[in-house]
Amino acid sequence: MSTKGTQRDATNNQSTVDFLSSNIFMFDNRYQKGVFVNDTEGEATFKSGSLVLRDTATPNQIKAAVAGPTLLGVIGILKLESDATLADAATKNVNYCIGGDIDEGLLELPVGVTLDTVPAGATKNLRDLLTDLGFVLHKVSEQTNFDN
């Protein structure tokens, strides 16, 4: 679960801090371990909620699904405690979710891709492909109120 605090007021002996908690993985999630590789040909930052696929060139490695036909190979959703910046070809031991209930609003989808996108060569949209993997997608309404 990600918790972030933002201080908005500070006086002599008082401080107001807004805490925001969010969690993409909600219930009955199953995970696997893998070695994540950055194959973007440059330094890149990856976030929890990114779609991942198997790197068929190197056994036991996974990589980010970017767009187009790569979305057909999605095997799970990346789980990180904090954002990870990796140089080109750098690796990181990670966990990735292979099924369960998730907050669809916290997915980190590639640029120009939505859950209604039909990947090249597919007959289903991305939402249906994730459902077929065992994900239950929920639209979560935020109930945050920072007005005191």
Side-chain angles (χ1 to χ4, degrees), residues 1-8 17-148:
M1 176 182 292
S2 171
T3 303
K4 297 178 183 172
T6 305
Q7 183 175 2
R8 65 177 151 108
V17 178
D18 298 326
F19 289 98
L20 176 65
S21 296
S22 62
N23 193 5
I24 184 172
F25 307 104
M26 298 168 48
F27 179 74
D28 196 27
N29 299 108
R30 293 170 306 285
Y31 301 92
Q32 288 187 353
K33 294 181 180 188
V35 178
F36 183 80
V37 62
N38 174 11
D39 73 340
T40 62
E41 299 180 0
E43 184 177 272
T45 300
F46 301 96
K47 298 180 178 192
S48 195
S50 298
L51 303 177
V52 295
L53 56 106
R54 181 88 46 219
D55 183 356
T56 56
T58 308
N60 300 321
Q61 282 191 345
I62 59 173
K63 59 185 180 179
V66 289
T70 65
L71 294 174
L72 281 175
V74 169
I75 61 167
I77 300 170
L78 190 62
K79 181 176 183 358
L80 298 170
E81 294 304 317
S82 60
D83 296 353
T85 301
L86 300 174
D88 183 35
T91 61
K92 179 178 178 65
N93 291 330
V94 297
N95 290 318
Y96 61 98
C97 185
I98 59 170
D101 292 17
I102 61 170
D103 178 351
E104 69 179 48
L106 296 177
L107 282 173
E108 291 291 329
L109 299 175
V111 174
V113 173
T114 68
L115 289 172
D116 295 324
T117 299
V118 177
T123 58
K124 299 178 180 182
N125 63 22
L126 185 56
R127 178 185 310 276
D128 294 334
L129 293 173
L130 290 172
T131 301
D132 288 350
L133 287 173
F135 290 102
V136 179
L137 303 163
H138 296 277
K139 288 185 179 184
V140 177
S141 298
E142 184 179 344
Q143 300 297 318
T144 303
N145 184 0
F146 291 135
D147 297 331
N148 291 338

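Both backbone and side-chain heavy atoms feed into the values below; hydrogens, waters and symmetry mates do not.
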ask   = Yes or no on side-chain contact (heavy atoms from CB on, under 4.5 Å) for His138 and Asp103, after CA distance, side-chain angles and deciding distance?
value = CA-CA 5 Å; His138 296 277; Asp103 178 351; 5.8 Å; no

What are the two closest non-hydrogen atoms of [X] and [Y], and how far apart are they?
{"X": "Cys97", "Y": "Asn29", "value": "SG-ND2, 3.7 Å"}
{"X": "Phe46", "Y": "Ala64", "value": "CE2-CB, 3.9 Å"}
{"X": "Lys47", "Y": "Leu78", "value": "O-CD2, 3.9 Å"}
{"X": "Leu71", "Y": "Pro110", "value": "CD2-CG, 4.3 Å"}
{"X": "Arg54", "Y": "Tyr96", "value": "NH2-OH, 3.4 Å"}
{"X": "Ser48", "Y": "Leu80", "value": "OG-N, 3.2 Å"}

message = As a quick check of understanding, evaluate side-chain contact (heavy atoms from CB on, under 4.5 Å) for Phe27 and Val136, giving each step before the final call.
response = CA-CA 9 Å; Phe27 179 74; Val136 179; over 6 Å; no

message = Going by side-chain contact (heavy atoms from CB on, under 4.5 Å), Leu126 matches just one of Thr114, Asp116, Val118, Leu51. Which one?
response =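 For Leu126, the side-chain contact (heavy atoms from CB on, under 4.5 Å) test succeeds with only one of Thr114, Asp116, Val118, Leu51, which is Leu51.
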
inquiry  = Checking Val94 against Lys79 for the side-chain contact (heavy atoms from CB on, under 4.5 Å) test, could you report, in this order, the C-alpha distance in whole Å, the side-chain angles of both residues, the deciding distance, and whether it holds?
reply    = CA-CA 7 Å; Val94 297; Lys79 181 176 183 358; over 6 Å; no

inquiry  = For Asp55, give me all partners under salt bridge (Lys or Arg N to Asp or Glu O under 4.0 Å), at least two apart in sequence or on another chain.
reply    =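 Salt bridge (Lys or Arg N to Asp or Glu O under 4.0 Å) list for Asp55, sorted by chain: empty.
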
task = With sequence neighbours left out, write down each residue that passes salt bridge (Lys or Arg N to Asp or Glu O under 4.0 Å) with Asp28, or none if nothing qualifies.
result =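 Testing Asp28 for salt bridge (Lys or Arg N to Asp or Glu O under 4.0 Å), a comparison that skips the adjacent residues, returns Arg30.
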
Polar side-chain atom of Asn125 near backbone of Asp128 as donor-acceptor pair, under 3.5 Å =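 Here the side-chain-to-backbone pair exists.
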
Met26/Val140 under side-chain contact (heavy atoms from CB on, under 4.5 Å): CA gap, chis, key distance, verdict = CA-CA 10 Å; Met26 298 168 48; Val140 177; 3.8 Å; yes

Using a 4.5 Å cut-off on heavy atoms from C-beta on, say whether the side chain of [Y] contacts that of [X].
{"X": "Leu107", "Y": "Leu115", "result": "yes"}
{"X": "Leu129", "Y": "Val74", "result": "no"}
{"X": "Val35", "Y": "Thr58", "result": "no"}

ask   = Judged by modelled atom types alone, do Thr40 and Asn38 share a side-chain donor-acceptor pair under 3.5 Å?
value =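 There is such a pair between these side chains.
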
Separation between [atom1] of [X] and [atom2] of [Y], rounded to the nearest 0.5 Å:
{"X": "Ile62", "Y": "Asp39", "atom1": "CD1", "atom2": "CG", "value": "11.5 Å"}
{"X": "Ile75", "Y": "Gln32", "atom1": "CD1", "atom2": "CD", "value": "7.0 Å"}
{"X": "Glu43", "Y": "Thr85", "atom1": "CD", "atom2": "OG1", "value": "6.0 Å"}
{"X": "Phe36", "Y": "Asn95", "atom1": "CZ", "atom2": "CG", "value": "13.0 Å"}
{"X": "Phe135", "Y": "Ile98", "atom1": "CZ", "atom2": "CD1", "value": "8.0 Å"}

message = I'd like to know whether CG of Asn60 has more than 12 heavy-atom contacts from other residues, nucleotides or ligands below 6.0 angstrom.
response =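 It does not: Asn60 CG has 12 such atoms or fewer within range.
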
